[in-house]
Amino acid sequence: MPVWLREHCWQQTASAVYLSLPVRGLRVTPANIFCTDQYLKVSIPPFLFEAILYAPIDDTNSTAKIGNGIIFFTLYKKEAAMWDSLTLGNADKEKMQYLRENAVLKAQEKAKEETEAKKVTKQEHKKYALEATMKLEEAERKRIEDLKEKERQKVTKELELWKKQQEDAEKQKRVQKGELQEVEQLKEKKKEKVNVTRIPSEGVSKTRLRSTKGHGSCGMFSENFREEQLPAPRSAATIKINFTSRVFPTALRESRVAEEEEWLRKQAEARRTISDDLSELKDLKEEEKNPDWLKEKGNKMFATGNYLAAVNAYNLAVRLNNKLPLLYLNRAACHLKLRNLHKAIEDSSKALELLTPPVPDNENARVKAYVRRGTAFCQLELYTEGLQDYEAALKIDPENKTIEKDAEKIRHLIQGTMQDS
Amino acid sequence: AAGLDRPQVVSHAQQALNYTLFDCKWVPRSARLLCLGSAARGSGLLQLYELRGGRLALLREIEKAKPLKCGTFGAASLQQRYFATGDFGGNLNIWNLEAPEIPVYSVKGHKEIINSIDGVGGLGIGEGAPEIVTGSRDGTVKVWDPRQKDTPVANMEPVEGESKRDCWTVAFGNAYNQEERVVCAGYDNGDIKLFDLKTMSLRWETNIKNGVCSVEFDRKDVNMNKLVATSLEGKFHVFDMRTQHPTKGFASISEKAQKSTIWQVRHLPQNRDIFMTSGGAGSLHLWKYEYPAQRSKKDSEGAEMGVAGSLTLLQNVTLSTQPISSLDWSPDKKGLCVCGAFDQTVRVLIVTKLNKV
């Protein structure tokens with residue numbers, strides 16, 4: 001049960017009511033005061049003061065002053081009239097309850113309205129701020145554009161001026177040229193009169209040629225003079241150069257270097273030993289297991305004439321990797337030199353097999369394979385087969401004169417034997 | 001504002017073309033420019049434009065059998081202004097633009113496309129014989145004298161059996177008297193080689209780890225001062241050519257300006273320390289080189305070696321989405337330049353405030 005505060009006193013004027021409520025010793029904050037347009041409550045638990053006002057007041061403008069143990073209310077009346085009393089008398093409990101609740105509801109509604117009003121104003125402020133910034137930026141941009149435009153126009157004007165100067169200069173030159181040509185022609189006539197003894201046509205044509213060459217005779221004179229000063233063309237020479245080696249035909253890019261190294265490494269690995277369980281291979285050194293290295297060795301030995309050793313090298317290489325056509329090709333060449341003709345034919349055939357598909361890249365290799373096989377056939381006196389191979393080689397490389405000559409020779413041989421038999 | 005005191009690149013005129021543009025050059029002593037390239041029907045086109053007002057007016061169009069790749073006025077006299085071109089078939093031709101039906105000089109110089117051409121000894125610049133150098137996809141660099149038919153006066157070719165690399169760019173330099181001349185060539189494997197034509201030997205070579213797209217000396221007709229080499233991957237190098245160290249060669253500074261290929265470098269004819277690079281993303285960058293306090297110093301063994309300076313970016317601008325493959329400054333008006341891009345547009349630009357740099 002609250003303790004009612006009843007020691008209040010009040011005064012009124014036509015427009016306002018002054019209410020003074022003693023609250024001795026109690027600490028009062030604005031939160032303790034609740035006021036709507038017809039209801040006033042001060043609640044400082046356990047104390048309570050409540051008043052249902054006689055007439056509505058303007059609760060937004062009314063004030064409450066807290067201090068010195070008294071709350072002093074200044075309530076502005078909605079209607080200017082004198083009140084009979086501060087509160088509405090003889091109100092029963094129900095009515096009071098109703099009035100209380102009503103008051104609370106009203107207060108809540110008011111609060112809601114206030115917050116919404118605040119929100120709306122906030123939005124408007126934001127919009128305004130945004131528009132203002134946009135305008136500022138627009139203005140800035142325009143300023144810069146204008147400066148640039150001014151530059152452009154200035155520069156265009158300068159350019160036009162310069163152009164005019166050029167044109168004037170050219171006109172001047174042409175005029176000068178015209179004048180000087182007239183002078184030239186006068187000179188010519190004089191010369192003609194002097195060179196009467198010479199063959200007339202020769203004399204005239206010579207001088208005429210001189211005056212038509214070049215535009216602007218003063219320039220022409222100086223140019224002739226300069227031509228005499230120019231050194232003779234350089235004596236031709238060649239400088240041989242080497243390039244930093246690069247495997248790929250594409251241009252070098254730093255960002256691709258890592259990828260390229262990776263690819264090369266994988267290629268090299270793929271060419272290495274396919275199977276490791278050949279016991280003899282354990283004795284070999286690392287490099288001797290590399291078919292490329294063995295191929296190089298074989299080539300060197302072929303070049304020095306050591307055909308048997310070359311064949312050995314190629315044999316080992318083939319055991320390590322039997323998919324390289326060049327190994328068979330080179331071995332075929334060795335066999336030819338050693339007159340192992342059947343082996344030469346075998347190897348050339350194997351090489352051709354591996355050189356499918358026939359593309360421009362392996363043209364050279366295929367030509368060699370056909371030629372070697374053809375040679376082997378001819379040495380075995382199987383001339384028709386030999387000719388077939390030579391013609392296949394010629395088909396790939398029609399420009400090669402040696403193949404053509406050899407093919408001719410074989411044809412003659414065939415015709416010779418046919419005639420014999 | 002501080003930003004607007006820098007040189008500005010102002011677009012003055014542009015022209016849309018209906019062919020692929022490979023090179024554009026100013027005609028010396030005039031407001032005319034030449035565009036050359038490859039038409040869709042597989043022939044070569046040469047167009048002469050004049051700058052009128054803010055537009056380019058087409059004066060003349062010349063069609064040739066093979067697409068044209070590059071051209072230069074470098075070896076022409078000021079009166080005759082003959083234009084030398086290299087085409088896709090490896091032919092070098094010199095044309096008189098007043099009578100372009102028959103070339104004044106013609107030779108099938110290379111087996112494959114001529115990628116780059118340069119001329120020296122003409123236009124009143126420098127001394128000595130007029131010469132033209134061409135670099136081709138067949139890996140050779142040849143120097144021609146227009147007075148000598150059919151054979152080059154110098155031929156830089158790979159050794160027998162060496163697999164060839166494409167030569168992408170060539171430039172003349174060091175032509176300060178009648179005898180001296182060097183040719184610098186850049187290749188697709190990153191090699192840069194400097195050939196001395198007086199001694200007919202290789203004077204210097206290096207590898208910059210990326211294919212070399214363009215090389216140029218800051219001036220052709222002085223004792224060689226600086227060389228700029230641009231490459232793939234957005235890098236370029238500036239070499240100080242005054243001091244050659246016996247093993248280390250020339251000092252250099254390199255800069256990575258963009259992510260894409262730098263197609264061309266061109267020095268401003270009126271100021272040899274300013275140059276413009278054009279990029280694969282359609283951008284142009286204007287640079288200024290500053291010399292160091294001392295251009296050379298002695299190393300531990302007492303040999304002279306060069307000291308590289310520093311670079312500042314003065315301005316950059318993006319004009320197109322396609323690479324700008326060719327660039328030329330006008331020798332007559334400071335700041336006027338033309339650039340051609342693979343979006344089939346030729347643009348005339350003016351760079352302002354170069355006097356204040």
Side-chain angles (χ1 to χ4, degrees), chain A residues 140 143-144 147-167 169-170 173 177 213-220 222-224 226-227 229-257, chain B residues 1 4 8 10-12 29-31 51-54 77-80 121 128-131 139 143 145 147-148 151-160 162-166 168 178-179 187-191 193 195 197 200-202 205 207 209-211 232-233 235 332-333 335-336 350 352:
Chain A
E140 184 64 24
R143 190 180 67 91
I144 294 177
L147 280 167
K148 281 200 188 155
E149 188 60 34
K150 261 192 240 155
E151 283 265 348
R152 266 185 56 173
Q153 284 171 354
K154 194 168 72 156
V155 147
T156 318
K157 263 193 236 149
E158 274 181 33
L159 198 62
E160 290 301 308
L161 200 64
W162 170 72
K163 259 198 66 194
K164 268 203 80 202
Q165 284 175 354
Q166 291 286 91
E167 284 173 9
E170 284 225 16
K173 253 203 238 165
K177 189 172 70 167
K213 188 174 98 169
H215 320 154
S217 4
C218 47
M220 181 188 86
S222 61
E223 197 181 317
N224 278 345
R226 261 177 108 224
E227 268 183 31
Q229 275 193 330
L230 284 176
R234 229 174 269 277
S235 42
T238 311
I239 305 177
K240 295 284 183 189
I241 56 179
N242 286 306
F243 294 110
T244 311
S245 67
R246 181 165 164 77
V247 173
F248 301 89
T250 52
L252 177 60
R253 279 172 200 270
E254 271 183 326
S255 56
R256 293 278 169 84
V257 167
Chain B
L4 288 173
Q8 301 290 325
V10 173
S11 171
H12 179 72
R29 293 284 187 280
S30 74
L51 201 54
R52 282 191 202 149
S77 68
L78 276 173
Q79 284 73 26
Q80 292 171 330
E131 284 176 338
V143 181
D145 188 312
R147 302 168 291 177
Q148 180 173 300
T151 41
V153 294
N155 181 0
M156 284 65 119
E157 60 181 13
V159 164
E160 295 299 326
E162 175 94 18
S163 61
K164 61 165 184 75
R165 303 300 323 181
D166 297 4
W168 277 357
Q178 300 219 354
E179 289 95 31
Y187 297 84
D188 73 335
N189 64 345
D191 280 347
K193 296 186 192 295
F195 304 105
L197 294 182
M200 282 299 179
S201 61
L202 176 67
E205 59 181 345
N207 185 303
K209 307 283 182 287
N210 282 297
L232 304 173
E233 315 266 294
K235 283 206 181 144
D332 307 302
K333 175 99 178 75
L336 183 64
I350 304 177
T352 59

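Lettering follows sequence order; numbering is per chain, from 1.
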Quick one, [X] and [Y] - any side-chain contact, counting heavy atoms below 4.5 Å?
X	Y	answer
A:Trp162	B:Leu336	yes
A:Leu159	B:Lys333	yes
B:Phe195	A:Ile241	yes
B:Glu160	A:Lys240	yes
B:Asn210	A:Leu252	no
B:Asn155	A:Ile239	no

Mind listing the closest non-hydrogen atom pair of [X] and [Y] along with its distance?
X	Y	result
A:Ala232	B:Arg147	C-NH2, 3.7 Å
A:Lys163	B:Ala31	CG-CB, 3.6 Å
B:Gln148	A:Arg234	OE1-O, 4.1 Å
B:Asp188	A:Pro249	OD2-O, 3.9 Å
A:Phe243	B:Gly139	CZ-O, 3.8 Å
A:Ala236	B:Pro152	CB-O, 3.5 Å

Please look at B:Asn189 and chain A and tell me whether the side chain, the backbone, both or neither of the residue comes under 4.5 angstrom of a heavy atom of that chain.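 For B:Asn189, backbone and side chain are both near chain A.
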
Rounded distance (nearest 0.5 Å) linking atom [atom1] of [X] with atom [atom2] of [Y]:
X	Y	atom1	atom2	result
B:Arg29	A:Lys173	CZ	NZ	7.0 Å
B:Ile350	A:Lys154	CD1	NZ	11.5 Å
B:Ser30	A:Glu167	OG	CD	10.5 Å
A:Thr244	B:Glu205	OG1	CD	6.5 Å

Please identify, among B:Leu78, B:Val143, B:Asp332, B:Thr151, the residue contributing the most non-hydrogen atom pairs under 4.5 Å to chain A.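 Between B:Leu78, B:Val143, B:Asp332, B:Thr151, the count favours B:Asp332.
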
Output the option from A:Glu158, A:Arg246, A:Glu254 having the highest count of non-hydrogen pairs under 4.5 Å with chain B.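 Counting heavy-atom pairs under 4.5 Å, the top option is A:Glu254.
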
For a quick check under 3.5 Å, do B:Glu233 and A:Ser255 share a side-chain donor-acceptor pair by atom type?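 Yes, A:Ser255 and B:Glu233 have a side-chain donor paired with an acceptor closer than 3.5 Å.
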
Test of understanding: with salt bridge (Lys or Arg N to Asp or Glu O under 4.0 Å), list the residues that count as partners of B:Glu162, not counting sequence neighbours.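 B:Glu162 satisfies salt bridge (Lys or Arg N to Asp or Glu O under 4.0 Å) with no other residue.
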
What pairs with B:Lys209 under salt bridge (Lys or Arg N to Asp or Glu O under 4.0 Å), at least two apart in sequence or on another chain?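 Salt bridge (Lys or Arg N to Asp or Glu O under 4.0 Å) check on B:Lys209 returns nothing, list empty.
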
Can you tell me if B:Lys193 uses its side chain to pair, donor with acceptor, with the backbone of A:Asn242 under 3.5 Å?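 Yes; at least one donor-acceptor contact below 3.5 Å.
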
